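Computation of the quantities below employed the complete heavy-atom set of this structure, encompassing side-chain atoms and omitting hydrogens, waters and symmetry-equivalent molecules. Just so it is clear, the structure is predicted and the values come from calculations on it, not from any experiment.
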Amino acid sequence: MSSLPSSALAETLSFFDFQPAPGVVEFLEKNIEVPERVSPNQPGRFSTLQRPYMREPLECFQPKEGITDLWLPWGSQAGKTTVTAMGVAYLIENDPGPVLWVTPSENFGRSWSSTRWMPLIEHNPILAQHMPANADDWKHLEQHYDRMTMNVVGSNSPANLASRPARYVVCDEVCKFAKATADEASAMMLADQRTKTFREMAMRIRTSTPTTAEDEFWLGCKGADMRQNHIPCPSCKKPIVLNHVLMDQPDDLEALRSSPEDSEFTLHWDKEKARLDDGTWDEQVVQQTAHFRCVHCEYPVSDHEKPSLLLLGEWHPLHAGKAKNTRSYQLSSFYSPDVTFGQMATHFLKGKNLFGLQDYTNGWLGLPYHESLLEVSDADIMALRSDYRLETIPKDAQITAILIGVDPGERETHWTVTVHSLTGEMWLIDHGTVLDVSDLTELQKRTWPIGSTGRRRAATGGFIDSGYNTTKVYDFCRGSQGFFHPTKGSKAAIGTWSMTPVRSHPGITLLTYVDYTAKCGLYEDRVAKRGNPRFYLPDDIGREFCRGFSSQKKLQKRTERGTVYFWKKVEDDHYPDCVKVVDIGFKAMTAGLN
C-alpha cells in the first residue's frame with residue numbers, strides 16, 4: 001500500500017479543523033454578554049476585570065489543562081456559580097459532552113435554570129445556535145443541544161442521579177445536598193459515578209459554602225491542593241491572603257471565638273470610636289473605619305485599594321504535591337468587589353453577638369465551622385494558680401505520690417512533675433524538656449524542696465505516652481525496673497482505662513485509656529470548671545506551659561446517626577499530654593490496677 005505524498009496529506013488534513021480550543025477567559029470575554037435579567041446589577045459583556053481571581057479557575061475548563069476535579073469552597077457573592085455557569089457555556093461551544101447539573105433540590109434547579117441559565121443561552125448567538133428547533137427539547141430540567149444534552153436534577157432524587165451518564169458533572173452547593181444513608185451513597189458520590197464511562201475525559205465540578213470540617217465536600221477540598229489567592233501589600237509588597245485571621249491551615253479558625261480586639265485578626269476598625277457606652281458597636285462607625293491590616297507590616301489596606309490589588313493576585317497551593325489533575329480554590333467574600341471591609345466587619349459582629357459565627361464562617365469566609373461546647377481559656381488556666389513557686393512542693397500538700405508525666409516527640413521530649421494527694425488533688429511543681437527518653441534517668445535522681453521546711457522529696461514513679469517510638473519507650477520502661485509505665489490513648493467513645501501485659505516486653509504492663517474520657521476529666525472538670533479534686537499551678541507558671549491548655553476545645557458534630565462529641569486536635573499540647581497521662585495513671589494506681 002503506497003503512502004500519500006506529504007503535499008496530498010496536507011491537502012487532505014486541510015479539510016478538517018484541528019484548531020485548538022481557545023482560552024476560556026478569551027472566549028467568554030469576546031463572545032458572551034450577560035443579560036440584565038440574569039445580572040440586574042452588572043449586565044453587559046462578560047468581564048473578569050473586577051473579579052480577576054476567576055481567571056485561573058475558569059481556565060480549568062479548557063481541555064488541554066486536563067483537570068478532572070475542580071473544587072470551589074467560596075464565600076457569598078464571590079461568584080462561584082458564575083464561574084461554573086460560564087465554564088459550562090464555554091464547553092457547549094468548544095468541547096461538548098453530556099452535562100449533569102445537580103442542585104440541592106429540583107425546585108431550586110428549576111428556578112436557577114429558568115431565571116439564570118436559559119436566558120444566558122438564549123441571549124448569546126454563539127450559544128443559541130446550539131439550541132434545539134423543537135421546543136419540547138428545551139425545558140427547564142432537560143435541554144437537548146445539537147451536540148450534547150444537559151440535565152438539571154435535585155440531589156434528593158437518587159433515581160435521576162443514578163440513571164444519567166455524563167461527561168461533565170456539576171454539583172452546586174454540595175453541602176446542602178441529601179446526605180448518605182445506610183442504604184444510599186451521598187448525592188455527590190452518586191453524581192460522580194455517572195462519569196465512569198468517560199474516564200479521564202470526564203470533569204467533576206463541586207461548589208459550595210462549606211459547613212463543617214468533617215463534611216465530604218470540605219474533605220475533598222483539602223484532598224486537593226487548596227489554592228489561596230495572594231495579593232501584594234501596598235506597603236511592604238509581601239503577599240497576603242484576604243481572610244479574617246492569619247491561618248496556617250484553612251480550617252484553623254478557632255481565633256474567631258475570642259475577643260474582636262485580638263491582634264491576630266486582620267480585620268480591624270476603630271474600637272474606641274465604635275464602642276458605645278452600653279458595650280455595643282456603632283455600626284456606622286465600624287463601616288467607616290474598617291480596613292484590612294497586613295499581617296507583615298500592619299499597613300491598613302482600604303476598600304479603594306482593593307480593586308487594583310486584586311489585579312495583581314496570584315493563586316498558590318497551600319498543599320503542594322497533590323495530583324495535577326485535581327484543583328481546589330478557597331476564597332472568602334473579602335475578595336468580592338461587591339463586599340466592603342465594613343460589611344465584613346458588621347456581619348462578623350452580628351454573628352458573634354446575635355446568631356453565632358457559623359453563618360459568617362461558612363457563608364462569608366468560605367470555611368468550615370466547629371460548634372464548640374467548651375473552651376479552655378487563658379483565664380481558666382490563670383485561675384488554677386496557688387500560693388507556691390515552681391520547683392517547690394507546697395508545704396501543706398498531702399503527698400501520696402510524686403509522678404513524672406512524659407510525652408516523647410521527634411525533636412524533644414516534654415515532661416512534668418506533679419504531686420498527688422490520696423483524695424486526688426494534684427499540684428504541678430516542675431516541667432521541662434529533654435532530648436530523648438533515655439535522659440529521663442537524671443530526672444529520677446532529682447529532688448524537690450517541700451516549702452521552706454528543709455526537707456526534699458524525689459519522684460515516686462512516672463507514666464510515658466508510647467504513641468511515638470513505641471519500642472524505645474517499652475525498652476526504657478522495662479529498664480527503669482518498674483519506675484516508669486507506658487501508656488496509650490484509645491479513640492473509643494466510652495470507657496476509662498485498662499492494664500494489659502506487653503507481650504514483646506515481659507515484666508511491663510501498658511495502661512490504655514480512653515482519650516476522650518481522660519480529656520473530659522482534666523480539661524473540662526479540673527481546668528475549665530475547677531471542680532474537685534482540684535488541680536493547682538504555681539503562681540509563677542509561664543505562658544509556654546499554659547499555651548497548650550488554653551487551646552483545648554470540646555466540639556460536637558451532627559451526623560446521620562446522631563451527635564458526636566470530641567476534643568479538637570491540638571498540635572502543641574505536649575505539657576497537657578504529660579499531665580493527662582499522670583492524672584489517669586494516678587487514678588489507675590489508686591484503683592489497684594497496677
Side-chain angles (χ1 to χ4, degrees), residues 9-10 12-32 46-49 51-72 74 79-101 120-121 124 126-127 129-130 145-150 165-172 191-192 194-207 220-221 223-230 311 313-331:
L9 179 61
T12 301
L13 293 176
S14 68
F15 287 101
F16 300 93
D17 182 10
F18 287 106
Q19 295 296 318
V24 180
V25 175
E26 174 192 358
F27 169 82
L28 294 172
E29 293 189 336
K30 180 180 178 180
N31 297 288
I32 302 300
F46 175 77
S47 172
T48 59
L49 187 63
R51 290 178 167 84
Y53 53 79
M54 286 184 172
R55 292 170 184 168
E56 186 176 318
L58 279 169
E59 293 302 333
C60 292
F61 287 85
Q62 188 173 176
K64 72 175 185 179
E65 293 295 326
I67 304 302
T68 60
D69 293 88
L70 178 63
W71 304 82
L72 300 179
W74 287 16
K80 59 183 180 296
T81 301
T82 298
V83 168
T84 308
M86 289 297 168
V88 173
Y90 168 86
L91 295 173
I92 289 176
E93 169 65 16
N94 296 285
D95 197 20
V99 176
L100 179 64
W101 193 297
L120 178 70
I121 302 297
N124 289 279
I126 198 167
L127 302 176
Q129 65 176 329
H130 300 292
Y145 299 91
D146 56 355
R147 297 181 294 172
M148 56 172 274
T149 298
M150 176 169 164
R167 180 181 174 187
Y168 304 109
V169 166
V170 176
C171 291
D172 196 13
D192 287 354
R194 299 303 93 212
T195 64
K196 288 180 179 179
T197 304
F198 293 91
R199 298 183 180 180
E200 68 275 0
M201 293 180 63
M203 184 178 183
R204 294 162 288 274
I205 305 99
R206 298 97 164 188
T207 80
C221 295
D225 54 8
M226 190 62 77
R227 299 186 176 215
Q228 294 182 313
N229 196 272
H230 294 245
L311 291 172
E314 295 180 348
W315 289 99
H316 293 283
L318 187 65
H319 305 315
K322 297 292 184 177
K324 293 183 179 180
N325 62 345
T326 301
R327 298 266 184 90
S328 60
Y329 294 87
Q330 194 279 322
L331 196 79

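Taking 4.5 Å as the limit, every side-chain heavy atom of Asp69 sits out of range of all side-chain heavy atoms of Met203. Thr82 is listed as a side-chain neighbour of Phe46, based on a closest heavy-atom distance under 4.5 Å. Between Val170 and Leu100, every side-chain heavy-atom pair lies at or beyond the 4.5 Å cut-off. Side-chain contact between Ile205 and Trp101 is absent, with no heavy atoms from C-beta onward closer than 4.5 Å. Annotation: side chain of Thr326 is in contact with side chain of Trp71 (closest heavy-atom distance under 4.5 Å). Put simply, the side chain of Tyr168 does not reach to within 4.5 Å of the side chain of Val88, judged on heavy atoms.
The shortest non-hydrogen separation linking Ala166 to Val99 is CB-C, 4.3 Å. In terms of heavy-atom proximity, Cys60 sits nearest to Ile67 at O-CB, 3.7 Å. Annotation for Phe27 and Pro22: closest pair CB-CG, 4.1 Å, computed over non-hydrogen atoms. Taking all atoms of both residues into account, the shortest heavy-atom contact from Pro98 to Pro165 is CB-O, 3.9 Å. Minimum interatomic distance between Arg327 and Ala224 (heavy atoms only, all atoms of both residues): C-CB, 4.0 Å. The shortest heavy-atom contact between Asn31 and Asn124 is O-OD1, 3.5 Å.
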> Where do Leu311 and Leu49 land on the side chain to side chain contact (heavy atoms under 4.5 Å, CB included) test, with the steps shown first?
Replying inline: CA-CA 8 Å; Leu311 291 172; Leu49 187 63; 4.0 Å; yes
> How far apart are the C-alpha atoms of Glu59 and Val25, what are their side-chain angles, what is the distance that settles it, and do they pass the side chain to side chain contact (heavy atoms under 4.5 Å, CB included) test?
Replying inline: CA-CA 7 Å; Glu59 293 302 333; Val25 175; 3.3 Å; yes
>> Working note: Asp225 + Lys324, criterion salt bridge (Lys or Arg N to Asp or Glu O under 4.0 Å); need CA distance, chi angles, decisive distance, verdict.
In response: CA-CA 9 Å; Asp225 54 8; Lys324 293 183 179 180; over 6 Å; no
>> Would Arg55 and Val24 count as a side chain to side chain contact (heavy atoms under 4.5 Å, CB included) here? Give the steps.
In response: CA-CA 8 Å; Arg55 292 170 184 168; Val24 180; over 6 Å; no
>> Assess the residue pair Glu314 and Glu56 against the criterion (side chain to side chain contact (heavy atoms under 4.5 Å, CB included)); give the C-alpha distance rounded to whole Å, side-chain angles, the decisive distance to 0.1 Å, and a yes or no.
In response: CA-CA 9 Å; Glu314 295 180 348; Glu56 186 176 318; over 6 Å; no
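Between Tyr329 and Trp315, the two ring planes are perpendicular [angle over 60°; tilted spans 30° to 60°].
For the side chain to side chain contact (heavy atoms under 4.5 Å, CB included) criterion with Leu318, the lone passing option out of Arg227, Met226, Gln330 is Met226.
Remark: Arg147 pairs with no residue by the side-chain hydrogen bond (donor to acceptor under 3.5 Å, both in side chains) rule, at least two apart or across chains. Among residues two or more places apart in sequence or in another chain, the side-chain hydrogen bond (donor to acceptor under 3.5 Å, both in side chains) test is passed with Asn94 by none. In this structure, Glu65 has no side-chain hydrogen bond (donor to acceptor under 3.5 Å, both in side chains) partners at least two apart in sequence or on a different chain.
Separating the SG atom in Cys221 from the CH2 atom in Trp74 is a distance of 12.0 Å, to the nearest 0.5 Å. Separation of atoms OG1 (Thr84) and CG (Leu70) is listed at 7.0 Å; rounding is to 0.5 Å. In this structure, the separation between CZ on Arg206 and CZ on Arg204 is 6.0 Å, given to the nearest 0.5 Å. The distance from the OG1 atom of Thr81 to the CE atom of Met86 is 11.5 Å, given to the nearest 0.5 Å. From Ile126, atom CD1 reaches atom NE2 of His130 across 7.0 Å, with rounding to the nearest 0.5 Å. A distance of 12.0 Å separates CG of Leu58 from CZ of Arg51, quoted to the nearest 0.5 Å.
For Tyr90 and Phe61, the gap between ring centers reaches or exceeds 6.0 Å.
Glu200 and Thr68 form no side-chain donor-acceptor contact under 3.5 Å, judged by distance and modelled atom types alone. Between the side chains of Thr195 and Arg167, no donor-acceptor pair is found at a separation under 3.5 Å. Under 3.5 Å, the side chains of Gln228 and His230 contain no donor-acceptor pair of N or O atoms.
Taking 4.0 Å as the cut-off between side-chain N and carboxylate O, Asp172 and Lys80 do not count as a salt-bridged pair.
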